[in-house]
Amino acid sequence: QQQVKQSPQSLIVQKGGISIINCAYENTAFDYFPWYQQFPGKGPALLIAIRPDVSEKKEGRFTISFNKSAKQFSLHIMDSQPGDSATYFCAAGFQGAQKLVFGQGTRLTINP
Amino acid sequence: DAGITQSPRHKVTETGTPVTLRCHQTENHRYMYWYRQDPGHGLRLIHYSYGVKDTDKGEVSDGYSVSRSKTEDFLLTLESATSSQTSVYFCAISVRQGNTEAFFGQGTRLTVV
């Protein structure tokens, strides 16, 4: 199946805390798992992405953890800042199809 | 925004009228996409194109048609707008084959009354 399920729908974290957003997929053919960040009034922008040959990828304060056997992946934002307040989308794709399937989105609010 | 321009940025239209949204890119990328964004549904693919005159349906294509007569322009048409098509529409491009990274435009907010 093509679905990607994302949770939670909304998340409130205190400044300096860790934000965690989870996604689950069904199609084992997926081989590309990006996360997008969207600010109000803007289009989504690629934040970080992972392929299933690694279990973790870190870029600055953002980390993707990938569990192939469980068909799950998650975004961790360390030392969360008010500027991280945005909507986050996970997605999944495979090269043969040249298109992405997106999760439902998570609205993240970081309280100062 | 990877040279992507969407027009118009905002539109209010009446039920039953045709509406065309335009996506223009400046860098001759092959793959272009139209998504709609709705609360609780994330981004859903409407149609996509893999070249001039080559298009295919996405998961929510009913009520929509597309055309791509030039590499740089991808048009989305609502033949007869309905209130359920009130949404924010995003155009996106992929910069090369085998890389599904997508770059998005700024979006068009469409309201059907």
Side-chain angles (χ1 to χ4, degrees), chain A residues 1-11 21-27 29-52 57 59 64 73 75 86-108, chain B residues 1-10 21 23-25 29-51 54-61 66 74 87-109:
Chain A
Q1 296 299 327
Q2 299 292 331
Q3 283 188 324
V4 176
K5 295 183 178 179
Q6 183 173 345
S7 62
Q9 284 192 334
S10 63
L11 180 63
I21 305 171
N22 301 298
C23 283
Y25 63 97
E26 298 173 358
N27 190 340
F30 287 139
D31 62 3
Y32 176 68
F33 302 91
W35 284 89
Y36 282 80
Q37 180 188 55
Q38 183 183 31
F39 294 106
K42 303 293 186 182
L46 180 66
L47 183 63
I48 186 172
I50 197 169
R51 297 202 181 269
K57 183 174 181 180
E59 290 185 0
I64 299 178
F73 59 109
L75 176 69
T87 299
Y88 292 81
F89 294 97
C90 64
F94 44 94
Q95 294 186 12
Q98 196 69 29
K99 55 184 178 179
L100 295 171
V101 178
F102 283 84
Q104 294 80 4
T106 297
R107 177 173 289 185
L108 174 65
Chain B
D1 294 328
I4 302 169
T5 304
Q6 291 186 233
S7 59
R9 293 293 313 280
H10 302 270
L21 308 183
C23 178
H24 177 79
Q25 57 145 330
H29 294 301
R30 178 180 176 188
Y31 297 94
M32 299 184 75
Y33 309 82
W34 277 108
Y35 288 88
R36 60 177 290 174
Q37 183 177 4
D38 304 288
H41 292 278
L43 292 150
R44 293 180 291 175
L45 183 64
I46 305 171
H47 281 280
Y48 63 104
S49 170
Y50 39 97
D54 289 326
T55 65
D56 207 347
K57 296 179 180 180
E59 63 178 300
V60 290
S61 60
V66 290
F74 192 31
S87 186
V88 180
Y89 291 85
F90 285 99
C91 175
I93 62 169
S94 283
V95 298
R96 55 184 176 271
Q97 187 171 5
N99 182 343
T100 44
E101 177 180 351
F103 294 89
F104 285 83
Q106 295 275 53
T108 294
R109 182 173 294 276

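Naming convention: chains lettered A, B, ... in sequence-line order (proteins, then strands); numbering from 1 in each chain.
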Quick one: what part of [X] sits under 4.5 Å from any heavy atom of chain A, side chain, backbone, both or neither?
X     : answer
B:L45 : side chain
B:Q6  : neither
B:Y35 : side chain
B:R9  : side chain

Does atom CD of B:E59 have more than 12 heavy-atom neighbours from other groups under 6.0 Å away? yes
For A:R107, does the CZ atom sit with more than 12 other heavy atoms under 6.0 Å from it, leaving out its own atoms? no
Go through the atoms of A:Q38 and report whether side chain, backbone, both or neither lie under 4.5 Å from a heavy atom of chain B. side chain
Of all heavy-atom pairs linking A:K99 and B:K57, the shortest is NZ-O, 4.4 Å
CA sep, side-chain torsions, deciding dist, call: A:Q104, B:H41, side-chain contact (heavy atoms from CB on, under 4.5 Å): CA-CA 5 Å; A:Q104 294 80 4; B:H41 292 278; 5.9 Å; no
